[in-house]
Amino acid sequence: MRSLWLSVTACALMAAENPLLEIPERRPAGSTYRLPFDQVKPEHIVPAMETLLAEAEQQRQALATATGPRTWDNTMQRLENMGERLSHAFSVVSLLEGVATTPEHRKAFNAVLPKISAFGSSVQLDLRLAKAVKEYSETAEAKALTGVRARYLSKTLNDFRRGGAYLDDAKRKRLQEINEQQSAVANKFSQNALDARIGFELLVKDEKQLAGLPESARKAAQASAKAKSKEGWRFTLAAPSYQPVLQFLDDGSIRKQMWLASNTLASSGKFDNSPLIRQMLALRAEEAQLLGYANFADRQTEERMAKSGAGVRKFLEDLEAKSKPAYEKENAELAAFRKSMEGPNAPALEPWDIPYYSEKLRKKLYDFDEEALRPYFPADKVVDGMFQLVNKLYGISIKPVENKAVWAPEVKFYEIRDQDGTLLASFYADFYPRDNKRAGAWMSPLVMGGPLAKGGFEPHIGLIAANITTAEPGKPALLNHYEVETLFHEFGHLLHMSLSRSPIKSLGGTSVAWDFVELPSQIMENFTWERPVVDLFAKHYESGQPVPAPLFDAMKKARTFRGGYTMMRQLSLGMTDILFHTEYRGDDSQGDPVAYARKVMQRYSPAPLPEGFSMVTSFSHIFAGGYAAGYYSYKWAEVLDADAFTRFKKEGLFNAKAGDAFRRSVLEKGNTEEAGKLFRDFMGRNPDPKALLERSGLATK
């Protein structure tokens with residue numbers, strides 16, 4: 001008894017000293033919980049993860065060795081709860097690595113990641129756990145299950161099969177090694193891409209070289225240089241800095257430098273990801289072979305809507321065939337436009353010319369200057385309008401709450417409440433770029449909640465992150481329309497988490513078929529093109545006036561401009577991904593992965609790609625972000641969202657009945673039912689791709 005008391009006392013002392021050990025497994029209904037981001041230090045990470053790993057291992061052993069009849073409570077519920085405190089704490093550590101990394105934090109993160117990965121891998125390969133679930137599945141109680149519990153049992157049995165639990169000892173051991181190696185490679189790939197991005201800057205000292213660049217981009221570049229104690233104008237690969245250069249800057253040599261920097265990122269030197277790509281593809285191919293699949297894509301898509309790698313490829317090829325005539329016509333028009341500007345001897349278009357001349361042609365055809373919209377899109381107003389929209393659709397209210405326990409002063413904290421006042425979720429919003437923050441935009445579910453067995457609702461906790469344009473002195477942050485779409489997109493993912501009502505957390509929120517996960521996010525983008533919705537937030541930051549009708553109409557007309565090019569860009573990424581995971585063998589006939597990807601992408605490029613083109617060395621979506629053999633899902637979900645949005649167009653953009661139907665049929669359900677059924681529940685039929693082709697301007701007359 002004395003040794004037990006000492007052990008408990010020691011753990012209590014550790015918890016008091018380590019904020020990662022104080023994060024509770026459960027939070028009371030209605031309580032706002034603030035994760036301890038401001039307290040976590042690098043020295044907390046290793047001891048906390050080791051303690052929580054030991055706790056999770058004890059839970060695993062207790063489940064595996066339990067005696068007596070198998071029941072839901074002593075088998076399935078224990079499996080569902082296993083390692084929950086570990087998951088919560090690691091989500092904090094992982095998030096900080098993405099938004100506020102330091103050398104000390106990264107060292108600690110890298111030290112614990114292999115152990116976390118090894119534990120997760122060993123659980124799915126644990127034959128004892130698989131047998132325990134199989135034993136339970138044969139009981140009368142299990143055979144009488146219905147609804148969510150029956151689905152959870154079925155999926156768990158299948159997950160053990162797909163995870164390799166039933167392989168022989170040697171193959172299970174090798175599969176665990178593969179899983180751990182994949183985790184390490186993905187982490188290194190992500191960190192290399194981040195470090196290479198952070199390490200790049202282009203400093204312009206002659207203002208004449210900035211001709212064509214919008215004033216907002218000039219001021220931002222000047223402020224960036226000043227922040228680094230440098231003279232001139234500083235450009236980075238963060239989207240608000242990079243995109244205006246490619247789109248507006250007259251100096252082709254600078255556009256070329258920026259384009260090459262972005263498309264050769266992490267392809268050489270100490271941050272070279274090229275060897276990691278080859279290693280990851282080999283590991284995935286071996287994993288698929290061990291599990292009895294023809295290729296990794298078949299393993300990944302088996303439980304998705306596409307069902308197979310071949311199904312994905314057919315989907316992409318069908319879209320390519322439908323888009324190619326418009327795409328080829330657009331390319332000819334753009335080349336002719338350049339000649340009309342510069343004479344018949346104008347050089348052929350290079351990749352870094354495409355955005356620049358496209359913008360000039362768009363402005364000519366539609367009298368539309370995208371930068372003219374910025375004054376009407378102050379970031380705070382956009383966010384407020386987004387909240388108003390979902391209040392009208394789903395009846396939820398979103399309010400800021402004071403929270404000083406954040407990783408950067410600009411991070412905000414919000415609560416989401418239902419019509420009856422129930423706290424559904426809280427979330428962190430981190431919208432602006434920093435040097436120690438990874439690129440892009442994303443949503444992370446940090447702590448999943450849901451309905452409590454004894455009544456009430458345990459709130460979810462999440463994050464929405466982006467890298468939008470920062471404010472200039474004396475002005476609010478002013479966004480372009482693409483950035484507005486980005487915020488709406490990520491907020492759609494956040495709603496999918498926040499409105500989840502699955503009683504089984506692992507089936508909640510965004511834990512759905514990967515080619516369904518983008519529906520809630522992409523349907524939100526549609527609203528940013530509708531005048532009644534835009535009027536909720538688009539007010540000139542000085543005059544308060546709405547977007548002038550001619551400017552809004554020009555924006556709408558320009559929406560389908562070069563729709564074939566936009567489609568082909570996404571198809572090039574999706575096809576590269578699926579071919580890597582179906583046909584690529586890495587032999588001499590196919591070349592190294594970078595050369596192979598360049599050859600695939602050339603098929604979809606309107607200009608010749610230079611020999612050094614290596615976009616895949618920073619393609620974190622498929623090598624570090626969970627989209628392996630799944631990048632096609634963006635286009636797949638576009639078919640779904642374009643079709644689903646037709647109901648809002650028909651019944652009303654703010655129609656509460658349609659909003660409630662989408663909430664109940666899709667947002668609340670998570671993975672508690674098959675994805676196709678959820679779509680049919682909302683639309684009353686299967687998806688129709690016609691709506692996407694029409695929206696993209698690619699439908700045949």
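Hydrogens, waters and symmetry mates are skipped; everything else that's a heavy atom, side chains included, is used.
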Who pairs with T102 by side-chain contact (heavy atoms from CB on, under 4.5 Å), at least two apart in sequence or on another chain? E104, H105
Is it true that E80 and S506 share a donor-acceptor pair across their side chains at a distance under 3.5 Å? yes
Between G83 and A56, which heavy-atom pair has the shortest distance, and what is it? CA-CB, 3.8 Å
Would you kindly check if the NZ (Lys) or CZ (Arg) of R647 is within the cone defined by 45 degrees around the ring axis of F682 and under 6.0 Å from the six-membered ring centre? yes
Please work out which of the three classes, parallel, tilted or perpendicular, describes the rings of F377 and F537, given edges at 30° and 60°. tilted
Can we say D681 and R664 salt-bridge, meaning some charged N sits less than 4.0 Å from an Asp/Glu carboxylate O? no
Ring-face cation contact, F654 with K392, 6.0 Å cut, 45° max: yes
Distance in Å, T101 OG1 paired with D435 CG, rounded so as to fall on 0.5 Å steps: 12.0 Å
H540 side chain to Q545 main-chain N or O, any donor-acceptor pair under 3.5 Å? no
Heavy-atom check, side chain of D418 versus side chain of Y394, under 4.5 Å: no
For residues 27-36, please give each side-chain donor-acceptor pair under 3.5 Å, one per line with the distance, not counting sequence neighbours.
residue : atom : partner : partner atom : Å
R27     : NH1  : P459    : O            : 2.4
R27     : NH2  : E458    : OE2          : 3.1
R27     : NH2  : P459    : O            : 3.1
S31     : OG   : P28     : O            : 2.7
T32     : OG1  : E415    : OE2          : 2.2
R34     : NE   : E402    : O            : 3.1
R34     : NH2  : E402    : O            : 2.9

Charged N to carboxylate O below 4.0 Å: is that the case for D380 and K412? yes
Sidechain N-carboxylate O distance under 4.0 Å for R434, D430: yes
Does any part of the side chain of L52, heavy atoms only, come nearer than 4.5 Å to the side chain of L21, both counted from C-beta? yes
Do the two ring centres, one from F387 and one from Y414, sit under 6.0 Å apart? yes
N/O donor-acceptor pair under 3.5 Å between S241 side chain and L237 backbone: no
Between E674 and R151, does at least one N-O distance fall below 4.0 Å, as a salt bridge requires? no
Tell me whether S498 contacts the main-chain N or O of L494 through its side chain, where contact means a donor paired with an acceptor under 3.5 Å. yes
The side-chain contact (heavy atoms from CB on, under 4.5 Å) partners of D38 (sequence neighbours excluded) come to A405
Would you call M76 and R149 a side-chain contact if the rule is heavy atoms closer than 4.5 Å? no
Can you check whether Y432's main-chain N or O pairs, donor with acceptor, with K437's side chain at less than 3.5 Å? yes
Is any side-chain heavy atom of W529 closer than 4.5 Å to a side-chain heavy atom of H481? yes
For the residue pair R695 / N526, report whether a side-chain donor-acceptor contact shorter than 3.5 Å exists. yes
Please identify each residue that fulfils side-chain contact (heavy atoms from CB on, under 4.5 Å) with K657, with sequence neighbours left out. N655
Side-chain donor-acceptor pair under 3.5 Å between E22 and N18, yes or no? no
Strictly distance-based, threshold 3.5 Å: is any side-chain N or O of S633 a donor or acceptor partner for the main-chain N or O of D515? no
For the residue pair Y632 and Y627, is the inter-centroid distance of their aromatic rings smaller than 6.0 Å? no
K381, NZ atom: more than 12 neighbouring heavy atoms under 6.0 Å: no
Measuring from atom CE of M49 to atom CD1 of I45, what distance do you get when rounded to the nearest 0.5 angstrom? 7.5 Å
Distance-minimising heavy-atom pair for P378 and P476: CB-CG, 4.2 Å
How about F37 and Y428: are their ring centroids closer than 6.0 Å? yes
Is there a side-chain contact between R501 and L424 (heavy atoms, below 4.5 Å)? yes
Check whether any side-chain N or O of S511 sits under 3.5 Å from a backbone N or O of L507 as a donor-acceptor pair, and report yes or no. no
Go through the structure and list residues passing side chain to side chain donor-acceptor pair (under 3.5 Å) with E525, not counting sequence neighbours. H489
Between CD1 on residue I523 and CD on residue E638, distance to nearest 0.5 Å: 12.5 Å
Once side chain to side chain donor-acceptor pair (under 3.5 Å) is applied, do any residues pair with E25, and if so which ones, sequence neighbours excluded? none
Calculate, to the nearest 0.5 Å, the distance between atoms CG and CG belonging to L519 and L640 respectively. 5.5 Å
Close aromatic pair by centroid cut-off 6.0 Å: F109 and F90: yes
For the pair R680 and E673, find out whether any cationic side-chain nitrogen is under 4.0 Å from an anionic carboxylate oxygen. no
Determine whether L86 and I116 make a side-chain contact, defined as any pair of heavy atoms from C-beta on separated by less than 4.5 Å. yes
Check whether E483 reaches the backbone of T469 with its side chain - one donor and one acceptor, N or O, closer than 3.5 Å. yes
Do the side chain of K635 and the main chain of Y631 share a donor and acceptor less than 3.5 angstrom apart? no
Any idea which heavy atoms bring A441 and E490 closest together, and the distance? O-OE2, 3.3 Å
Ignoring hydrogens and geometry beyond distance, is a side-chain donor-acceptor pair present between H44 and Q39 at under 3.5 Å? no
Nearest heavy-atom neighbours spanning R234 and S224: NH1-OG, 2.8 Å
Spacing of CD1 belonging to I416 relative to OG belonging to S426, to within rounding of 0.5 Å: 8.5 Å
Do the non-hydrogen side-chain atoms of T51 and E55 ever get within less than 4.5 Å of each other? no
In terms of side-chain geometry, is the basic nitrogen of R106 or E97 positioned less than 4.0 Å from the acidic oxygen of its partner? yes
Report yes or no: do S216 and E371 form a side-chain donor-acceptor pair below 3.5 Å? yes
Do the non-hydrogen side-chain atoms of F648 and F662 ever get within less than 4.5 Å of each other? yes
H88 side chain to P24 backbone, donor-acceptor under 3.5 Å: yes
Indicate yes or no: does D643 engage R685 in a salt bridge with an N to O separation below 4.0 Å. yes
Aromatic ring centroids of F679 and F516 under 6.0 Å? no
Kindly compute the distance separating CG (L667) from CE (M497), expressed to the nearest 0.5 Å. 12.0 Å
Is a side-chain donor or acceptor of E668 paired with a backbone partner of S502 at a separation under 3.5 angstrom? no
Could you report the tightest heavy-atom contact between P546 and R531, atom names first, then the distance? CB-NH2, 3.8 Å
For the pair Q191 and N187, evaluate side-chain hydrogen bond (donor to acceptor under 3.5 Å, both in side chains) and give the outcome as yes or no after the intermediate values. CA-CA 6 Å; Q191 291 179 352; N187 182 52; 3.3 Å; yes
Against the six-membered ring of W442, is R438 placed for a cation-pi contact (under 6.0 Å from the centre, within 45° of the normal)? yes
What residue among V547, L478, V484, V534 forms side-chain contact (heavy atoms from CB on, under 4.5 Å) with L373? V547
